[in-house]
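First comes the structure, then the notes that go with it.
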Number of protein chains: 2
Amino acid sequence: MTTERLRDLIETTQGELPPLTVALVQDLDLPEHLAIADVAALTGVTAHTLRYYERIGLVEVPRDAAGRRVYDREALGRVVFITRLRDSDMPIAAIARYVELVKQGPGTEPERLALLEAHRADILHRLADLQAALAVVDYKITTYGGACGT
Amino acid sequence: MTTERLRDLIETTQGELPPLTVALVQDLDLPEHLAIADVAALTGVTAHTLRYYERIGLVEVPRDAAGRRVYDREALGRVVFITRLRDSDMPIAAIARYVELVKQGPGTEPERLALLEAHRADILHRLADLQAALAVVDYKITTYGGACGT
DNA sequence: GTAGGACTTCGAGCGCACTCGAACACAAGG
DNA sequence: CCTTGTGTTCGAGTGCGCTCGAAGTCCTAC
């Protein structure tokens, strides 16, 4: 049963799962076939949300004879990729667009690149916002409980 | 009319308004009394949203004889403070809690500080997420249009 | 053979943060 | 005086990203 091997894997790498990277997924000697619960445990994305992602076309997941989802390496990689983008607030619609372009195959690279670069700009903007907010919060913390309108 | 002076001010500082800081608001020789449209123009927050913020208790705004909102320096500073926190994704509920504590006056400093430090931790977490996403996006951009599951 | 648990689909519901529209009030300029 | 513009309140609507529950299927262990 794949779940057991996974449990072990999660135990041994305990606490270290959040920084699960796309590359890591490739290297890690994970079982080739994962049940939805395993993917949920690995990625921190709920099974409900994983089904939702599939429903809206972000990822295609093969099934076994009984119709159950079987996540292979590719599907898992895709899920991790999606969560990284979501962590940076990339809208679902943009991710869907990107995935759509990949599905269309070659020739769509320019638009993919444009999408990524637009998102890269967004990320840089968000980083600046966060730095600014951090400065404000730090200032408040050092002046300790001052009025909030200053 | 205050709006005219403001228009000038916005014109002269054109393009430079987004980085409007809390401190800047103090220094800038802004009119002491601003109409809601002026605050909207200065902060980039819509009048609708400004009214919403007041409705839910994030900011108190004095009125003129006719019942119109008159933003003084304090109210403006508060709005800017709020937008900084919102830019860093601090939930409205947390901001409301903080504002509530300030309104309650002295003795609430410890909880205010705790709130700020919790939010500071959130910001650092978000920064890390963004850096991770940036790495993924940059990798994709350099490898230019590769599959999205890798 | 039967109880339990993990899975399936489907559609509806939720929480957040706005966002909007309707209907009305008032102030200043021509 | 009348129009135009800017404001007011109120309550309802929107969009996003999940999140949940119901009802059913299927494998596994006892």
Side-chain angles (χ1 to χ4, degrees), chain A residues 1-7 31 33-71 75 79 82-97 99 119 122 126 129, chain B residues 1-7 31 33-71 75 79 82-97 99 119 122 126 129:
Chain A
M1 191 189 211
T2 136
T3 309
E4 282 182 32
R5 290 176 57 196
L6 224 222
R7 294 270 164 264
H33 301 299
L34 296 168
I36 195 169
D38 302 327
V39 176
L42 267 173
T43 62
V45 178
T46 70
H48 271 304
T49 301
L50 287 172
R51 290 190 203 101
Y52 167 71
Y53 284 166
E54 186 181 356
R55 220 162 52 218
I56 63 176
L58 292 192
V59 56
E60 276 171 29
V61 186
R63 307 307 175 100
D64 67 9
R68 305 222 276 256
R69 288 170 182 81
V70 176
Y71 285 78
V79 169
I82 293 167
T83 59
R84 279 290 154 272
L85 295 182
R86 290 292 307 127
D87 282 349
S88 60
D89 292 330
M90 185 164 180
I92 293 264
I95 301 176
R97 178 68 189 145
V99 164
H119 183 54
D122 279 356
R126 298 276 307 119
D129 280 353
Chain B
M1 193 186 208
T2 135
T3 308
E4 283 180 32
R5 290 177 56 195
L6 223 220
R7 294 270 164 264
H33 302 298
L34 297 168
I36 195 168
D38 302 327
V39 176
L42 268 173
T43 62
V45 178
T46 70
H48 272 304
T49 301
L50 287 172
R51 289 189 204 101
Y52 166 71
Y53 284 166
E54 185 182 357
R55 220 161 53 217
I56 63 176
L58 292 193
V59 56
E60 277 171 27
V61 185
R63 307 305 176 101
D64 66 10
R68 305 224 275 257
R69 287 171 183 80
V70 176
Y71 286 78
V79 169
I82 292 166
T83 58
R84 280 289 154 274
L85 295 182
R86 289 293 306 126
D87 282 348
S88 59
D89 292 329
M90 185 165 180
I92 293 263
I95 301 177
R97 178 68 187 147
V99 163
H119 183 54
D122 279 356
R126 297 277 307 119
D129 281 351

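Note that these values count all heavy atoms, side chains included, but never hydrogens, waters or copies made by symmetry. Since the structure is predicted, the reported quantities are computational estimates derived from the model, not experimental observations. So that the names make sense, note that chain A is the first sequence line, chain B the second, and so on, each numbered from 1.
- Atom C1' of nucleotide D:dT19 and atom CD1 of A:Ile56 are separated by 14 Å, given to the nearest angstrom.
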Please list, for nucleotides 22-30 of chain D, all pairs of protein and nucleotide N/O atoms separated by less than 3.5 Å.
none

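- Contact annotation: the side chain of A:Arg86 approaches that of A:Ile92 to within less than 4.5 Å [non-hydrogen atoms, C-beta and beyond].
- In this structure, A:Tyr52 and A:Leu58 have side chains that are not in contact, with every pair of non-hydrogen atoms separated by 4.5 Å or more.
- Between the CG atom of B:Leu50 and the C1' atom of D:dT8 there is a distance of 14 Å, given to the nearest Å.
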Hey, what are the protein-to-nucleotides 12-18 of chain D N/O distances that come in under 3.5 Å?
from: D:dG17; atom 1: OP1; to: A:Ile92; atom 2: N; distance (Å): 3.3
from: D:dC18; atom 1: OP2; to: A:Tyr53; atom 2: OH; distance (Å): 3.0
from: D:dC18; atom 1: OP2; to: A:Arg86; atom 2: NE; distance (Å): 2.8
from: D:dC18; atom 1: OP2; to: A:Arg86; atom 2: NH2; distance (Å): 3.4

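- Taking 4.5 Å as the limit, every side-chain heavy atom of A:Glu54 sits out of range of all side-chain heavy atoms of A:Glu60.
- Once rounded to the nearest 0.5 Å, the distance linking NE2 of A:His119 with CG of A:Asp89 reads 8.0 Å.
- Put simply, the side chain of A:Asp122 does not reach to within 4.5 Å of the side chain of A:Met90, judged on heavy atoms.
- One finds the CG atom of A:Asp38 at 11.0 Å from the CG atom of A:Leu50 (value rounded to the nearest 0.5 Å).
- The heavy-atom pair separating A:Arg84 from A:Asp87 by the smallest distance is NH1-OD2, 3.0 Å.
- Rounded to whole angstrom, the span from the CG atom of B:Leu58 across to the P atom of C:dC16 amounts to 14 Å.
- Separating the CZ atom of A:Arg69 from the C1' atom of C:dA6 is a distance of 13 Å, rounded to the nearest angstrom.
- With rounding to the nearest 0.5 Å, the separation of CZ in A:Arg69 from CD1 in A:Ile36 is 5.0 Å.
- In this structure, the CG atom of B:Asp64 is 8 Å from the P atom of C:dA27, given to the nearest Å.
- Closest-nucleotide positions on DNA chain D for B:Glu54 and A:Thr46 were compared, and the one nearer the 5' end corresponds to B:Glu54.
- The side chain of B:Arg51 contributes no N or O atom lying less than 4.0 Å from OP1 or OP2 of D:dT6.
- At its two ends the helix from C:dG1-D:dC30 to C:dG30-D:dC1 runs along axes set 0° apart, each axis drawn from five pairs and the angle rounded to 10°.
- Within the structure, a side-chain polar atom (N or O) of A:Arg63 is placed less than 4.0 Å from OP1 or OP2 of C:dT9.
- A distance of 11.0 Å separates CG in B:Leu42 from OG1 in B:Thr83, rounded to the nearest 0.5 Å.
- Closest non-hydrogen pair, A:Ala40 versus A:Thr46, comes out as CB-C, 4.3 Å.
- A:Arg126 and B:Asp129 are not joined by a salt bridge, as no carboxylate oxygen comes within less than 4.0 angstrom of a charged side-chain nitrogen.
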